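Here the structure is a predicted model, which means the values were calculated and not measured.
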Amino acid sequence: MIARALQRVEEPAERELYLPSMATVRRVEQVTDTEKLFEIALPGGKALGHQPGQFVEVSMYGYGEAPISICSAAEDGPNFELCIRRTGMLTNALHKLQAGASVGIRGPFGTGFPVAQMEGKDLLVVAGGIGLAPLRSIIRHVLANRKKYRRFIILHGAKSPAEMLFLKEWEQWGKRGDVEMFATVDKPAPGWNGNVGVITTLFQKVELDAKQTVATVVGPPVMYRFVLLELQAKGIPHNQIYFSVERRMKCGVGKCGHCQVNGVYVCQEGPVFSLPKLKTLWEATEARGPVRH
């Protein structure tokens, strides 16, 4: 019995779940006062092979490990990007890294957005604050495969202009003729000429073909219930609404149980859930982890 148990632990496929690959930080870019963008390269130039909405486990010796959303698309190349907010011991250590440093990477893990099922549809992306980071993966995927999708609409809300992510890219996306973009801030600053108010104030600016629209939503938990009311008012079918949530994800492979809600492991069956599935897991939207993005 013991021998069989030890043999099981030593199976290569299972070991790979727990042993990180030592990846290399290729580039570090300051995005805001509290967020940095990291370009990561796996050993041997191996591609991560992720889907939009998935995450990886990032670790540093002596500081621990945390789940971080992938904010680039597979079409961007073998390297991938992570936008990390400085919030605690591990993320503070990561923010001190420079190009050439090593970090541990496990993954990708979780269920992403069903981009293949979304083909031929209008796409509505609703990003609150740092929620734009994981949604950037689907934005870049859609732009790389633009002919496969119909209308593409992005709504982004932030507390202030200084907290808006990816401003250079936002400007580039806005210059395209095939993306409709709307932004708002809670508190304006000198030079801000855009909308002022919470993100739900942007919905009145958009007319949608409800049956043809798929919505993807990421943001703070308090935003979800009000965004859902707007999506329902627009008439978007529930099975065409997707939220990315998390509940204190830890191991990423359904072993530790930290993220379990009603028998569902968020790190495996999520973090992306359709609204019908999420109706049984609302507790998950009330306990987002502090360092994922």
Side-chain angles (χ1 to χ4, degrees), residues 31-35 37 52-53 55 67-71 82-87 112-113 123-140 142 152-167 169-170 173-174 179-189 192 194-206 208 213-234 236 240-247 249 266 270-275 278 281-293:
V31 179
T32 70
D33 288 343
T34 55
E35 280 89 23
L37 185 69
F55 66 95
I68 305 291
S69 295
I70 305 159
C71 68
L82 308 172
C83 184
I84 301 176
R85 171 174 287 178
R86 188 178 69 248
T87 60
F113 294 102
L123 298 188
L124 173 65
V125 169
V126 184
I130 200 171
L132 185 60
L135 285 171
R136 180 175 178 261
S137 64
I138 193 171
I139 292 171
R140 293 181 69 90
V142 171
F152 190 29
I153 308 160
I154 304 174
L155 309 183
H156 178 38
K159 290 182 179 179
S160 68
E163 295 185 39
M164 294 187 69
L165 301 176
F166 314 121
L167 286 178
E169 278 185 281
W170 184 267
W173 299 337
V179 184
E180 301 170 53
M181 301 171 58
F182 303 88
T184 187
V185 296
D186 295 344
K187 298 179 180 179
W192 176 257
N195 193 77
V196 177
V198 295
I199 195 168
T200 51
T201 61
L202 296 177
F203 280 84
Q204 60 190 352
K205 301 178 180 293
V206 182
L208 300 174
T213 299
V214 177
T216 62
V217 186
V218 186
V222 68
M223 181 190 91
Y224 282 23
R225 66 186 67 182
F226 298 106
V227 167
L228 177 57
L229 290 174
E230 296 292 338
L231 296 175
Q232 291 176 320
K234 292 288 187 182
I236 300 177
Q240 293 174 196
I241 300 173
Y242 294 89
F243 290 87
S244 180
V245 304
E246 71 177 61
R247 177 180 165 78
M249 294 193 296
V266 174
V272 175
F273 292 98
S274 66
L275 179 57
L278 192 61
L281 303 171
W282 278 118
E283 184 184 352
T285 67
E286 302 299 329
R288 293 179 65 82
V291 297
R292 172 159 171 245
H293 305 302

Working to the nearest 0.5 Å, report the span between [atom1] of [X] and [atom2] of [Y].
{"X": "Leu155", "Y": "Glu180", "atom1": "CG", "atom2": "CD", "value": "10.0 Å"}
{"X": "Leu132", "Y": "Glu163", "atom1": "CG", "atom2": "CD", "value": "13.0 Å"}
{"X": "Ser69", "Y": "Phe55", "atom1": "OG", "atom2": "CZ", "value": "8.0 Å"}
{"X": "Glu35", "Y": "Leu82", "atom1": "CD", "atom2": "CG", "value": "13.0 Å"}
{"X": "Ile153", "Y": "Met181", "atom1": "CD1", "atom2": "CE", "value": "12.5 Å"}
{"X": "Thr201", "Y": "Asn195", "atom1": "OG1", "atom2": "CG", "value": "4.0 Å"}

Which heavy atom in [X] sits nearest to a heavy atom in [Y], and how many Å separate them?
{"X": "Ile70", "Y": "Ser137", "value": "O-CB, 3.5 Å"}
{"X": "Val206", "Y": "Leu208", "value": "CG1-CD2, 3.3 Å"}
{"X": "Trp170", "Y": "Ala183", "value": "CZ2-CB, 3.7 Å"}
{"X": "Pro220", "Y": "Gly128", "value": "CD-O, 3.6 Å"}
{"X": "Pro134", "Y": "Val218", "value": "CG-CG1, 3.7 Å"}
{"X": "Ala133", "Y": "Phe166", "value": "CA-CE1, 3.9 Å"}

Could you check whether any side-chain N or O of [X] sits under 3.5 Å from a backbone N or O of [Y], counting only pairs where one atom can act as donor and the other as acceptor?
{"X": "Glu230", "Y": "Val227", "value": "no"}
{"X": "Thr34", "Y": "Arg85", "value": "no"}
{"X": "Thr184", "Y": "Gly197", "value": "yes"}
{"X": "His156", "Y": "Ala127", "value": "yes"}
{"X": "Lys234", "Y": "Thr213", "value": "no"}

If you define the side chain from C-beta out and look only at heavy atoms, does anything of [X] sit under 4.5 Å from [Y]?
{"X": "Thr200", "Y": "Leu229", "answer": "no"}
{"X": "Ile241", "Y": "Phe273", "answer": "no"}
{"X": "Phe152", "Y": "Val125", "answer": "yes"}
{"X": "Leu37", "Y": "Cys71", "answer": "yes"}
{"X": "Val214", "Y": "Phe113", "answer": "no"}
{"X": "Val217", "Y": "Met223", "answer": "yes"}
{"X": "Leu124", "Y": "Leu231", "answer": "yes"}

Legend entry - Member of Val31, Ile130, Ile68 meeting the side chain to side chain contact (heavy atoms under 4.5 Å, CB included) criterion with Ile84: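 Result: among Val31, Ile130, Ile68, Ile68 is the only option passing the side chain to side chain contact (heavy atoms under 4.5 Å, CB included) with Ile84.
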Inset, instruction - Using the side chain to side chain contact (heavy atoms under 4.5 Å, CB included) rule, pick out the option among Val179, Thr216, Ile154 that qualifies with Ile139. - result: Ile154
